[in-house]
Amino acid sequence: MKTTPFTEKHVALGAKMHEFAGYNMPIEYSGIIDEHLTVCNAVGVFDVSHMGEFWVKGPQALPFLQKVTSNNVAALAPGKIQYTCFPNEAGGIVDDFLIYQYEAEKYLLVVNAANTEKDWNWCVAHNTEGAELENASDHMAQLAVQGPKALQALQKLTAIDLASIPYYTFKEGEFAGAKNVIISNTGYTGAGGFELYFYPEEADKIWKAVFEAGEEYGIKPVGLGARDTLRLEMGFCLYGNDLDDATSPLEAGLGWITKFVEGKNFISRPLLEKQKAEGVTRKLVGFEMVDRGIPRSGYTLMNAEGETIGTVTSGTMSPTRKIGVGLAYVKPEYSTVGTEMFIDMRGRKLKVVVVKPPFRK
């Protein structure tokens, strides 16, 4: 298994470790619920150094990105970030990811760890424009410092005014004595906070500084288990669960990152335009349990007559609400908020209701 610059720290802290995307990663330390609530109420630190990072540079960077991504990259400006996806030839999703515009002809793509190799191969294979591509994944470490106290804790470590970094923007500068640190505000937890990108050789120094700065706010390390429950409470999609190569962005409710603007002839555009005009055959919805139970990925959803109408893609017991919540693909006629249906939970027929995420109140 691969390691991150922080793997030894996770082991020393007694984290429950497990393989994820080829890396030895911490799943939990003090427990998923405790870590989840720490992020919601104070500040938690995630090691996300396993994520993939690609630089796309040069005069052909924008034409290349306009072709391979669904969102309108031309709408970006230096310091701005965009959520987008790579559509495949069948209208499915190769991956969902973030684009950072660094300079006029320089972009950073931050992709899902499990898809780094697949995404890199996809970009190389489709780079007929001749953009300069660089896979920097092994030369970049990343911590996500999340929670309502993240700003106060991290502000001690930099002269950059963190309050001046709104959602989906970033700045670069000195942080905890390390130079050229990217500080961004994208979040995957719904609790506020920042992501820090830096060279692996600065990892030890930055880890120590962050935990010292956050000590008065009850800072804790957080594993991938709580990362999943936090994103699910917000209704954020997870690739491999809610998105995949056979799922279109329109089915997944990602029409807002699928821009049919003039001159942007992205891969599978005609197919997705047709789908938008004719409608989709299934839609991703959020739901809450009415009856008591914990929904899990793969469970079947039924109507009152017992006919199969959908499948759960993500589900958990909400740590803040103490009820079962989830995401599922259902037939469009069952996607309206307030629609009641039933989940087959190991032979028990339990009632659920469609709601609009986030589930966290």
Side-chain angles (χ1 to χ4, degrees), residues 3-21 23-51 113 141-154 156-157 185-196 203 206-238 241 286 288-289 292-297 314-327 357-361:
T3 59
T4 79
F6 305 107
T7 302
E8 288 182 6
K9 287 181 167 48
H10 305 318
V11 173
L13 287 165
K16 185 187 289 183
M17 306 292 289
H18 199 273
E19 185 275 333
F20 180 80
Y23 284 82
N24 190 18
M25 295 297 291
I27 305 303
E28 59 181 285
Y29 300 82
S30 56
I32 290 173
I33 293 174
D34 179 65
E35 292 166 33
H36 181 113
L37 296 176
T38 294
V39 172
C40 289
N41 300 316
V43 57
V45 180
F46 301 85
D47 174 12
V48 279
S49 303
H50 61 321
M51 299 287 280
Q142 188 192 158
L143 292 177
V145 185
Q146 297 283 292
K149 302 291 173 61
L151 191 148
Q152 295 99 304
L154 298 185
K156 300 177 186 180
L157 302 173
N185 178 357
T186 62
Y188 194 48
T189 64
F194 300 90
E195 300 80 41
L196 309 169
I206 289 177
W207 177 276
K208 285 177 181 171
V210 167
F211 276 89
E212 283 174 14
E215 189 175 1
E216 66 174 293
Y217 303 108
I219 197 167
K220 289 182 182 178
V222 186
L224 295 180
R227 191 165 175 80
D228 190 46
T229 56
L230 285 156
R231 71 91 193 169
L232 183 46
E233 273 196 344
M234 291 305 296
F236 295 149
C237 291
L238 175 64
N241 284 48
E288 293 178 355
M289 298 294 301
R292 186 151 183 84
I294 305 176
R296 297 295 184 201
S297 176
S314 290
T316 193
M317 175 67 76
S318 162
T320 58
R321 298 278 306 287
K322 304 291 191 286
I323 60 168
V325 300
L327 299 174
F359 305 108
R360 195 183 307 154
K361 302 300 184 210

Check whether any side-chain heavy atom of [X] sits under 4.5 Å from a side-chain heavy atom of [Y], and report yes or no.
X: S314; Y: R231; result: yes
X: V48; Y: H50; result: yes
X: K322; Y: R292; result: no
X: Q146; Y: V222; result: no
X: S318; Y: E288; result: no
X: V45; Y: V210; result: yes
X: T189; Y: F46; result: yes
X: L230; Y: R360; result: yes

Atom CD of E8: over 12 foreign heavy atoms under 6.0 Å: no

Residues, nucleotides or ligands: over 12 heavy atoms within 6.0 Å of I33 CD1: no

On a heavy-atom basis, which atom in [X] and which in [Y] lie closest, and how many Å separate them?
X: A191; Y: C40; value: CB-CA, 4.3 Å
X: P148; Y: V39; value: CD-O, 3.2 Å
X: F236; Y: G190; value: CE1-N, 4.2 Å
X: G324; Y: P295; value: CA-CD, 3.7 Å
X: L327; Y: P357; value: CD2-CG, 4.3 Å
X: A15; Y: P26; value: CB-CB, 3.9 Å

Distance from [X] atom [atom1] to [Y] atom [atom2], nearest 0.5 Å?
X: L143; Y: F6; atom1: CG; atom2: CZ; value: 4.0 Å
X: H18; Y: N24; atom1: NE2; atom2: CG; value: 9.5 Å
X: T7; Y: M17; atom1: OG1; atom2: CE; value: 5.5 Å
X: F359; Y: T320; atom1: CZ; atom2: OG1; value: 11.0 Å
X: L224; Y: D228; atom1: CG; atom2: CG; value: 9.0 Å
X: H36; Y: T316; atom1: NE2; atom2: OG1; value: 8.5 Å

Note: D34-K220 ion pair, threshold 4.0 Å (strictly below): yes

Judged by atom type as modelled, is there a donor-acceptor pair below 3.5 Å linking the side chain of [X] to the main-chain atoms of [Y]?
X: E35; Y: G223; value: yes
X: E195; Y: T186; value: yes
X: Q142; Y: M51; value: no
X: K156; Y: A213; value: yes

Polar contact flag, side-chain donor to acceptor under 3.5 angstrom, D47-T4: yes

Parallel, tilted or perpendicular: rings of Y29 and H10 (30°, 60°): perpendicular

